[in-house]
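When a ligand or atom number is given, it counts from 1 through the structure's own listing order.
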Amino acid sequence: MSKDRLIIFDTTMRDGEQSPGASMTRDEKIRIARALERLNVDVIEAGFAIASPGDFEAVKAVAETVRNCSVASLARAAARDIEEAAAALKNAVRPRIHTFIATSPIHMQYKLQMTPAQVLDQAVRSVRQARNHTDDVEFSCEDASRSEFDFLCRIIEAVIAAGATTINLPDTVGYGEPGQYGEFVGRLIRAIPNAGKAVFSVHCHNDLGLAVANSLSAVMHGARQVECTINGLGERAGNASLEEIVMAVRTRADVFPVETRIVTEEIVPASRLVSSITGFPVQPNKAIVGANAFAHEAGIHQDGVLKHRETYEIMRAQDVGWSTNRLVLGKHSGRAAVRARFEELGITFETREELESAFRRFKELADKKHEIFDEDLQAIASNVSVGDAAERYQLVALEAVSHTGEKPRAQVTLTIDGVERRSAAEGDGPVDAVFRAIENEVHSGTTLQLFSINAITTGTDSQAEVMVRLERDSRIVNGAGADTDIIVASAKAYLHALNVMAGAVRAHPQISGI
Ligand code: KIV
Ligand code: ZN
């Protein structure tokens, strides 16, 4: 029996970026876009073009890079938003403008302060305006799951008549319950006279841990696009996780009447890339992409799997890309080999200097540890391409001393806007001493919200990947740093976070009104 295609709309770089601290530079977005293209997602939502000049540039760069997927920009249902989105997408092979307005009574009354008639009118005008730029226009009824059924029917019928080709029904606040939400989507599709002219889409948040269940229930009731993110990244508790949706549909092909065109072997590499760029670690027991997802601890399970894999495994680890922990290069590898491996991983450097810098870091690392894995190269690339945000503060050198029974001390040399500064401090531990020494010069006024260390590969010579989260005036930023020396990795992560903090502030699509 032939199956319908389930369109996979990835919003890691838009809704995912709305996670506090998960903002991405233009270069990082290009790297994620390449990974999504290798995954073969259907639509990449690259950002919210009007949010800031940086966001505009990032959407534009992704639109110019990606050739095999549609590229979307979010736009509120407002004239200027739509023009910005269209301009950023100008060079995309398949541009999609994704415009939205809230349709629930609570959002219309308190947030928008608009009547339902005004909202309907604004929605129709925006869709028409977007259609002047592209044939591929998506309209989202923000907070659809708490909207009135009759009003949804009216507004959706009107926007389809105005040219919307995809209708998205977000469960914006993660309130949906699978049975009810799926039923609601199906009822809408049946009630709207021109529903056949559009693809119905769902976009579920995970506040009750039900985002994937709600999305899949909607698929059973006729939704043919799911909006999701790598690792379930997204606003608050996140969005439906792409890997779980895709693998559920594939593994339970006996139940779901749809199929995707995702290259599942690219799932784990994409997950790692997103985690290393955003600094959001993947919990070990996360389905599909967690380190323990295919690890069997109990002896009875191990015995079963060795005798017959299917006794305890419903998917094959290699089918989702769990075999990439390969030894690739060593200290004698030349420039061409290193560059080729970077390219195989989808990492390209825009300038000769960036490539040289990456190669220099590779050699330094290869001197310290003999085996260089793909994960090491990813970490090198993350450090090379932290982009414009990286310029302000840079680490030149550091020395940290800790003796049993004495207070640890650190001396740090850094440049601030190119000027060299040196500072020393004591701390509760060597990392604390380093952070205090940096702060003696920077005076950032930030508070440290999170500090985490992760070994990138196995072995005591592994690089440590440190993540630091800083907060100032309700703004949260993350910084990541990698090195075989944990203290150096910590200093790099701290300075990276300070550099991001020094960068531009972006508008939030769902906070600012029309
Ligand atoms: O959660 C939501 O409603 C959204 C829309 C803007 C699609 O992210
Ligand atoms: Zn959302």
Side-chain angles (χ1 to χ4, degrees), residues 7-20 22 43-51 55 59 70 72-78 81-82 84-85 96-108 110-112 119 122-123 126-127 130 136-147 152 155-156 159 164-176 181 184-185 188 198-212 214-215 218 223 225-242 245 506-514:
I7 297 169
I8 298 295
F9 176 114
D10 179 276
T11 183
T12 307
M13 296 195 280
R14 198 279 297 169
D15 215 316
E17 198 185 24
Q18 286 174 216
S19 310
V43 188
I44 297 176
E45 187 164 50
F48 174 46
I50 203 167
D55 278 53
V59 175
S70 301
S73 171
L74 187 67
R76 288 166 303 188
D81 279 45
I82 289 168
E84 285 292 292
R96 171 180 294 195
I97 296 177
H98 175 193
T99 186
F100 77 100
I101 193 164
T103 50
S104 62
I106 188 169
H107 275 235
M108 290 191 287
Y110 295 105
K111 184 179 87 169
L112 299 175
V119 166
Q122 184 97 14
S126 303
V127 167
D136 189 354
V137 174
E138 171 167 338
F139 176 76
S140 284
C141 308
E142 189 191 3
D143 206 15
S145 54
R146 294 191 301 168
S147 301
L152 280 179
I155 193 168
I156 293 172
V159 293
T165 45
T166 301
I167 299 297
N168 187 32
L169 301 166
D171 182 24
T172 303
V173 291
Y175 184 69
Y181 180 69
F184 154 82
V185 170
L188 274 170
V199 171
F200 278 73
S201 165
V202 288
H203 171 117
C204 298
H205 280 272
N206 207 28
D207 300 68
L208 293 173
L210 294 172
V212 168
N214 285 334
S215 306
Q225 173 177 288
V226 171
E227 302 196 355
C228 45
T229 57
I230 304 286
N231 299 339
L233 202 66
E235 181 88 30
R236 306 184 309 280
N239 288 66
S241 118
L242 180 146
I245 298 279
R506 307 161 47 242
H508 187 295
Q510 287 155 303
I511 290 176
S512 37
I514 301 287

Inset, instruction - Can you pull out the closest protein heavy atom to atom 3 (O) of ligand 1? Residue, atom name and distance to 0.1 Å, please. - result: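 I find the closest protein heavy atom is T172 OG1, 2.6 Å.
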Inset, instruction - Write out the residue and atom name of the closest protein heavy atom to atom 4 (C) of ligand 1, then the distance separating them to 0.1 Å. - result: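 Heavy-atom neighbour on the protein nearest atom 4 (C) of ligand 1: Q510 NE2, 3.2 Å.
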Inset, instruction - Check whether any heavy atom of S140 sits under 4.0 Å from an atom of ligand 1. - result: yes
Inset, instruction - Check whether any heavy atom of R14 sits under 4.0 Å from an atom of ligand 1. - result: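 Heavy atoms of R14 do come under 4.0 Å of ligand 1.
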Interatomic spacing from [atom1] in [X] to [atom2] in [Y] - rounded to 0.5 Å:
| X | Y | atom1 | atom2 | answer |
| --- | --- | --- | --- | --- |
| N168 | E227 | CG | CD | 4.0 Å |
| T99 | L74 | OG1 | CG | 7.5 Å |
| N206 | S215 | CG | OG | 9.0 Å |
| I101 | S140 | CD1 | OG | 11.5 Å |

Legend entry - E227 contact mode with ligand 1 (heavy-atom cut-off under 4.0 Å):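 Near ligand 1, E227 shows nothing, with every heavy atom at 4.0 Å or more.
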Inset, instruction - Report the part of H98 in contact with ligand 1, treating N, CA, C, O as backbone and CB onward as side chain, heavy atoms under 4.0 Å; options are side chain, backbone, both, neither. - result: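 It is the side chain that touches ligand 1; the backbone stays farther off.
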Inset, instruction - Tell me, please, if D15 has any N/O/S atom, main chain or side chain, under 2.8 Å from the Zn ion (ligand 2)? - result: yes
Legend entry - Side-chain donor-acceptor contact under 3.5 Å, Q510 with H107: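 The answer is no; no qualifying pair exists.
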Inset, instruction - Would you kindly say whether T229 and N239 are connected by a side-chain donor-acceptor distance under 3.5 Å? - result: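 No.
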Inset, instruction - Look only at interatomic distance and state if N168 has a nitrogen or oxygen under 3.5 Å from any nitrogen or oxygen of ligand 1. - result: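 No, N168 has no N/O under 3.5 Å of an N/O on ligand 1.
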Inset, instruction - Enumerate the atoms of ligand 1 whose separation from the nearest heavy atom of E142 is less than 4.0 angstrom. - result: 3 (O)
Legend entry - Subset of ligand 1 atoms that lie under 4.0 Å from at least one heavy atom of H205: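 The atoms of ligand 1 under 4.0 Å from a heavy atom of H205 are 1 (O).
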Inset, instruction - Could you tell me whether a side-chain N or O of N214 sits under 3.5 Å from a main-chain N or O of C204, the two making a donor and an acceptor? - result: no
